[in-house]
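Here is the structure we will look at, set down as structure tokens.
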Protein chains: 2
Amino acid sequence: MNAIEVLAQAGIRPTPQRLAVAEFVLAGRTHPTADEVFAAVQHTCPTISRATVYNTLRLLVNKGLLREQVLREGVTVFDAERTAHHHFVDEETGQIHDVPWEALKVYGADQLGGFEVHDLQVVLRGRRRRA
Amino acid sequence: MNAIEVLAQAGIRPTPQRLAVAEFVLAGRTHPTADEVFAAVQHTCPTISRATVYNTLRLLVNKGLLREQVLREGVTVFDAERTAHHHFVDEETGQIHDVPWEALKVYGADQLGGFEVHDLQVVLRGRRRRA
DNA sequence: TCCGGTGTTGGACACATTCTAACTTTGGAC
DNA sequence: GTCCAAAGTTAGAATGTGTCCAACACCGGA
Ligand SMILES: [Mn+2]
Ligand SMILES: [Mn+2]
Ligand SMILES: [Zn+2]
Ligand SMILES: [Zn+2]
């Protein structure tokens, strides 16, 4: 399913700007910031404005096609992977890597009295080992 | 051990400003932002500047007396609890609650090939059940 | 074709944080 | 006790991320 179809299915009118943003952000598994999306999208859509990038990202988040994650200081990153998973943050490069849900087991969350847990993830920080 | 002793032990000259910040931030188990520290500290030290609050917080972090946490969008929060623990973020109030390390068990982190994990925590988001 | 709604744009604004440059305080050296 | 260099503090400027706004452009149905 290509970007046009994805937008159509979500009831989003597929303007060139929205297509450019959606194609970039929904395809990769990097965890780009809004500004990284803006920079990337300018190649295919040179006149796009920062406001439209922010508007489109918010739209995609509200429609459930994209998730926001609070993983880096001072910026929001966007995540096209919508199924539950964990994150490893490389403290040197800032790069964020997905860790599959099945790779880690977390026990005890359902027994935390007083907390109604809507979302849970393990956040790991460290260095990615060079190959 | 009071704040003066803590600062002395870390080799930090105990100015009135630093004492006010340290007394507030090291005592509580809330997870205040820099601005919340600034507001709180003005009661005891009305002339303190934002720059000094930021300087002192960074100093405490660098000396290992305080930790920074990336848990809320757009702001850094500070954490006086230096032993490993997890966090529950109330999505309504923004309040952050500590979850004891022993309350949750995480398995599999040591088998993640390619990642050198320096730090690990479970981040839970949801609503705190009202009593 | 016309028109109202929708989308886009650049710049203004808001907020968190860092930087800067001047001023103040401090703790020895003498 | 005086003096000085180092350390600390300060207000405000600068930077960076994100939102808001008002004007303009586009589009789809009457
Ligand atoms: Mn959200
Ligand atoms: Mn840190
Ligand atoms: Zn992810
Ligand atoms: Zn904590």
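Convention: sequence-line order gives letters A, B, ...; per-chain numbering from 1.
- Between B:Thr30 atom OG1 and B:Phe78 atom CZ the span is 12.0 Å, to the nearest 0.5 Å.
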Just list the side-chain donor-acceptor pairs under 3.5 Å for residues 11-23 of chain A, sequence neighbours left out, or say none.
residue : atom : partner : partner atom : Å
A:Thr15 : OG1  : A:Arg18 : N            : 3.1
A:Arg18 : NH1  : A:Arg13 : O            : 3.0

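- Not a single donor-acceptor pair under 3.5 Å links the side chain of A:Gln9 to the backbone N or O of A:Val6.
- Along DNA chain C, the stretch of nucleotides lying under 4.0 Å from any heavy atom of chain A spans, 5' to 3', C:dT6 to C:dG10.
- Between B:Asn55 and B:Arg58, some side-chain heavy-atom pair lies under the 4.5 Å cut-off.
- Here ring-ring contact (aromatic ring centres under 6.0 Å, His included) pairs that include residues 98-126 of chain B, with residues two or more places apart or in two chains, are A:Phe88-B:Phe115, A:His97-B:Phe115, A:Tyr107-B:Tyr107, B:His86-B:Trp101.
- Of the residues in residues 46-56 of chain A, those placing a heavy atom less than 4.0 Å from an atom of DNA chain D are A:Ala51, A:Tyr54, in numerical order.
- Protein chain A contacts DNA chain D over a range whose 5' and 3' limits, counting nucleotides with an atom under 4.0 angstrom from a non-hydrogen atom, are D:dT17 to D:dC27.
- Between atom CZ of residue B:Arg72 and atom CD of residue B:Glu91 there is a gap of 13.0 Å, rounded to the nearest 0.5 Å.
- Note that CG of B:Leu26 and CE of B:Met1 are 9.5 Å apart. Values are rounded to the nearest 0.5 Å.
- With a 4.5 Å cut-off on side-chain heavy atoms, A:Val25 and A:Leu57 count as touching.
- If you take NE2 on A:His87 and CD on A:Gln69, they are separated by 4.5 Å, rounding to the nearest 0.5 Å.
- If you take CG on B:Leu71 and CG on B:Asp79, they are separated by 8.0 Å, rounding to the nearest 0.5 Å.
- Between atom CD of residue B:Glu36 and atom CZ of residue B:Phe24 there is a gap of 7.5 Å, rounded to the nearest 0.5 Å.
- Side-chain contact check for A:Leu104 versus A:Leu124: some heavy-atom pair is nearer than 4.5 Å.
- Within residues 13-34 of chain B, the residues having any heavy atom under 4.0 Å from DNA chain D are, by residue number, B:Arg13, B:Thr15, B:Gln17, B:Arg18.
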